[in-house]
There are 2 protein chains.
Amino acid sequence: MAIGGKKKEIYLAAARLFRDKGYQASSMRQLAKEVNLEPSSLYSHISNKQELLAQICLGEAEMYVNKMKSIMSECDDVLEILRQISYFHVETALDDPISATVFSDEWKHLEEPNLGRFRNLRKEYESKIRYIIARGTEEGRLIDTDSMVLFQTFLSSFKWIYLWNKPGREVDKEALQRDITHVILRGLKK
Amino acid sequence: MAIGGKKKEIYLAAARLFRDKGYQASSMRQLAKEVNLEPSSLYSHISNKQELLAQICLGEAEMYVNKMKSIMSECDDVLEILRQISYFHVETALDDPISATVFSDEWKHLEEPNLGRFRNLRKEYESKIRYIIARGTEEGRLIDTDSMVLFQTFLSSFKWIYLWNKPGREVDKEALQRDITHVILRGLKK
DNA sequence: GTCTATAACTTGATAGAC
DNA sequence: GTCTATCAAGTTATAGAC
């Protein structure tokens with residue numbers, strides 16, 4: 001680990017710990033052990049435990065919002081937008097499954113004002129997807145089923161990848177992107 | 001609450017607490033308050049906190065396994081079996097969203113030997129579904145995409161219902177069963 | 001920046017009176 | 001079966017020496 005990289009090392013270890021045991025069951029003592037420090041020394045690098053969770057969750061949330069903006073500014077075709085979102089979800093779940101898991105499963109332990117910020121970012125992201133799906137049905141590109149069902153089914157289809165992506169596993173990213181997107185869009189397309 | 005129903009009352013309150021705050025963040029003191037007892041009095045009805053989680057998670061897991069056996073013994077058509085599984089998932093998520101959430105999100109806080117039992121039940125359930133999906137592709141009823149992708153996408157498609165099903169919401173169960181099943185099977189069917 | 005020591009508090013669970 | 005009182009262990013975080 002490079003000099004000055006201790007803070008990053010702490011964040012990475014915290015994310016791994018939160019994923020494996022959950023936020024509440026992860027102690028600062030344990031975290032300290034993982035980065036070879038005494039517990040009190042952690043506080044020279046971070047201000048408290050909550051900050052660790054907030055950084056991870058809000059960082060991921062901002063990444064999704066930014067990606068969504070980027071996709072929508074570059075592309076106008078509903079199916080192509082959904083395809084790009086799908087590819088991005090698979091990619092993030094494979095490239096950083098630890099952060100993806102903490103983001104998905106531990107955000108509820110955020111405290112205010114981080115919780116409010118997180119919910120706003122998620123709402124921003126989700127409302128864009130809702131809009132795309134509603135437009136898709138209007139344009140006759142997606143099936144005419146309840147738009148909430150389409151939206152929720154679409155998003156939940158990615159919720160297994162980060163859990164399934166265990167360290168030892170060999171994954172063909174491009175094949176997985178292609179297959180998952182194929183199955184999902186097959187269900188939604190008219 | 002009926003006489004003798006205190007134990008059941010405790011379990012219901014515990015499930016609600018585990019869902020809302022997570023297992024680790026739920027304290028026996030809080031649970032005691034919810035059922036109008038002093039913390040120590042809880043131990044006249046249950047032996048410890050872990051037992052509460054185990055009962056909820058293993059109870060749900062057994063229910064799914066039993067239902068799966070029942071479906072497979074009564075029906076031989078792959079698409080009809082998948083339809084019935086889908087309907088059952090939607091039904092349980094709507095009828096008892098609290099247990100469904102604890103089962104899905106808190107099982108990782110089970111300790112041995114409960115954790116092993118839970119994993120075995122889940123494995124039994126999932127291997128039956130894997131088998132059905134593999135058979136579906138062999139028979140030419142389902143698309144020829146990677147069977148693991150089909151399996152995971154199928155199961156994860158139900159993972160939003162119990163979270164979305166907030167108390168105040170009005171839900172048309174039959175419409176939801178029909179719509180969700182329609183979208184999912186559309187994606188899998190040849 | 002890291003350490004030792006410790007404050008201030010919460011946790012699950014038990015003992016024993018009633 | 002419920003209570004009061006309490007224990008032993010664990011929690012986050014801080015103070016101050018080096």
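What you see is a predicted model, and the numbers here were worked out from it, not measured in a lab.
Candidate nucleotides dG1(D), dC3(D), dA13(D) were compared by shortest atom distance to the side chain of Ser44(B), and dG1(D) ranks first. Distances from the side chain of Lys49(A) to the nucleotides dC3(D), dA13(D), dC3(C) place dA13(D) closest.
Residue-to-nucleotide contacts include no donor-acceptor pair under 3.5 Å from the side chain of Ser40(B) to the base of dT2(D).
Using a cut-off of 4.0 Å between Lys/Arg side-chain N and Asp/Glu carboxylate O, Glu62(A) and Lys69(A) are scored as not salt-bridged.
You'll find the side chain of Leu42(B) reaches within 4.5 Å of the side chain of Val35(B), heavy atoms only.
Between the CD atom of Gln24(A) and the C1' atom of dT10(C) there is a distance of 11 Å, rounded to whole Å. Going from atom CG of Leu42(B) over to atom P of dG12(C) covers 10 Å, rounded to whole Å. Whole-Å rounding puts the Glu38(B) CD to dT6(D) C1' distance at 14 Å. Phe18(A) has its CZ atom 12 Å from the C1' atom of dT12(D), to the nearest Å. Rounded to whole Å, the distance from NZ on Lys7(A) to P on dT2(C) is 13 Å. Between His45(B) atom NE2 and dC3(D) atom C1' the separation is 12 Å, expressed in whole Å. When the P atom of dT14(D) is taken as reference, atom OH of Tyr43(A) falls 7 Å away, rounded to whole Å. To the nearest angstrom, C1' of dT4(C) lies 14 Å from CG of Leu37(A).
By the criterion of side-chain heavy atoms lying less than 4.5 angstrom apart, applied directly or through intervening Ile, Leu, Val, Met, Phe, Trp or Tyr residues, Met72(B) is grouped together with Met63(B) in one hydrophobic cluster.
The shortest distance between the side-chain N/O atoms of Ser41(B) and the OP1/OP2 oxygens of dC3(D) is below 4.0 Å.
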>> The test is side-chain hydrogen bond (donor to acceptor under 3.5 Å, both in side chains); show your working for Asn114(B) and Arg117(B) and say whether it passes.
In response: CA-CA 5 Å; Asn114(B) 296 320; Arg117(B) 287 187 199 124; 2.9 Å; yes
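Summarising the geometry of Thr181(A) relative to Ser86(A), their closest heavy-atom pair is OG1-OG, 2.8 Å, with the distance given to 0.1 Å.
For the pair Arg122(A) and Trp107(A), the cation-pi criterion (under 6.0 Å, within 45° of the ring axis) is fulfilled.
Within residues 25-36 of chain B, no residue places a heavy atom under 4.0 Å from DNA chain D.
Listed by first and then second residue, the ring pair (Phe, Tyr, Trp, His ring centres under 6.0 Å) pairs that reach into residues 53-75 of chain A are Tyr64(A)-Phe88(A), Tyr64(A)-His89(A), Tyr64(A)-Phe103(A), Tyr64(A)-Tyr125(A), sequence neighbours excluded.
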